[in-house]
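Each remark here refers to the structure printed beneath this line.
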Amino acid sequence: MADRDFLKTNFGIEIELTGITREKAARVVADYLGGSIQRQNDYYDSYKVTAPDGRAWKIMYDGSLRCQRKVNGQKVAAGREYSVELVSPILNYEEDIETLQELIRKIRKTGGFPNSTAGIHIHLDGADHTPRSLRNFVNIIYARNDLLYESLQIERERMRYCKKMDKDLVERMNKKKPKTFKEIEDIWYKGYGSSRERHYHESRYHFLNLHSFFNGVGTVELRGFNGTIHAGKIRSYIVLALAINNQALTQKSASTKKPQLENPKFAMRTWLNRIGLIGEEFKNCREHLTKHLEGSAAWRFRRAA
């Protein structure tokens, strides 16, 4: 069995969808978890579902979603009550992944669905991160910008909320070689005019978001996942996020050199094996993450020879 230590970091997940109302989504969550519902009457018209273990799940409005519902099997425009963002509490993979997956299946069966404006954001506990590991994280994502965007097939409509890692930022980071969080923070926000304390700061809209680490909830956020309510895909995204996080934490350094992409599928599989997604347990994850990648003609010829 593969080493599963990379799965130990706590995480949270935000899943955007439409097709059902927030009220209905809250009922699905409460019924499945055996929890209680409280309507918050806030700007996001959110619902709070408190599970028997005391953890709170939130169902919120998201203004970036194109609201839809199905009428006679056809998707049609819908009101803002059909904007649904499911926000989990702090989760642990070993203890909570099956519950999360089954909850997603319940929402799908009730009529929820994503569209091209929906996304998934994964927040990774930043407690163990150091200035070195954050710099590693930046370099890892930058080096695999193209591979990740091709693998994950990020929707064009979501690109404004999920930009590639900025080359200038990466160059500043590696020239400065920051040794403190303050130095990394200054590099991260350089060039932005708005206050760092602003919740919806422009710097957050990248595949890797460190705004959540410095001025949010102390997490490292990965935003590069299309909306889905396929439980297997969501598990794959979580596993990938945890594995990348572990790579950033455990490597002494990380290169910004981009891998050769003559054979993207081979490059992705090699990387996934390196970061721990090996063995039968992660077979489906590897398949989901390489499904849209092609191998070069030369590689296929060599494999057949």
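Pairs of residues two or more places apart, or lying in two chains, never qualify as salt bridge (charged side-chain N to carboxylate O under 4.0 Å, His left out) while including a residue from residues 75-93. Applying the side-chain hydrogen bond (donor to acceptor under 3.5 Å, both in side chains) definition to pairs two or more places apart or across chains, those involving residues 16-37 are Arg22-Asp45. Annotation: salt bridge (charged side-chain N to carboxylate O under 4.0 Å, His left out) contacts involving residues 193-217, sequence neighbours excluded, comprise Glu185-Arg196, Asp186-Arg196, Arg198-Glu202. For residues 46-65, every residue pair satisfying the salt bridge (charged side-chain N to carboxylate O under 4.0 Å, His left out) rule, not counting sequence neighbours, is listed here: Asp53-Arg55, Arg55-Asp96. The ring-ring contact (aromatic ring centres under 6.0 Å, His included) pairs that include a residue from residues 115-140 are His129-Phe137, where partners are two or more places apart or lie in different chains.
Taking Ile, Leu, Val, Met, Phe, Trp and Tyr as hydrophobic and joining them when side-chain heavy atoms fall under 4.5 Å apart, one finds Val76 in a cluster with Val71.
Here the side chains of Ile15 and Val87 are not in contact, with every heavy-atom distance at 4.5 Å or above. Between Leu134 and Asn136, every side-chain heavy-atom pair lies at or beyond the 4.5 Å cut-off.
Considering every non-hydrogen atom in both Leu242 and Thr9, the closest pair reads CD2-O, 3.4 Å. Nearest heavy atoms, Met173 versus Pro178: O-CD, 3.1 Å. Of all non-hydrogen atoms in Ile184 and Arg135, the two that sit nearest each other are CD1-N, 4.4 Å. Across every non-hydrogen atom of Leu272 and Leu240, the tightest pair is CD2-CD1, 3.9 Å. When all heavy atoms of Trp188 and Ser203 are compared, the closest pair comes out as NE1-OG, 2.9 Å.
Summarising the local packing, NZ of Lys291 is surrounded by 12 or fewer heavy atoms from other residues, nucleotides or ligands at distances under 6.0 Å.
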Quiz prompt | Evaluation steps, side-chain hydrogen bond (donor to acceptor under 3.5 Å, both in side chains), between His211 and Tyr189 | solution = CA-CA 9 Å; His211 178 62; Tyr189 290 108; 2.6 Å; yes
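Using bins of under 30°, 30° to 60° and over 60° for the plane-to-plane angle, the ring pair Tyr61/Tyr43 lands in the perpendicular bin.
With hydrophobic clusters built from ILVMFWY side chains whose heavy atoms lie under 4.5 angstrom apart, Val217 does not share a cluster with Leu124.
Here Tyr237 and Phe225 bring their ring centres to under 6.0 angstrom of each other.
Under the 3.5 Å distance criterion, the side-chain polar atoms of Asn263 are left unmatched by any main-chain donor or acceptor of Ala267.
For the side chain to side chain contact (heavy atoms under 4.5 Å, CB included) test with Phe113, the passing option among Arg108, Arg69, Gln68 is Gln68; the others fail.
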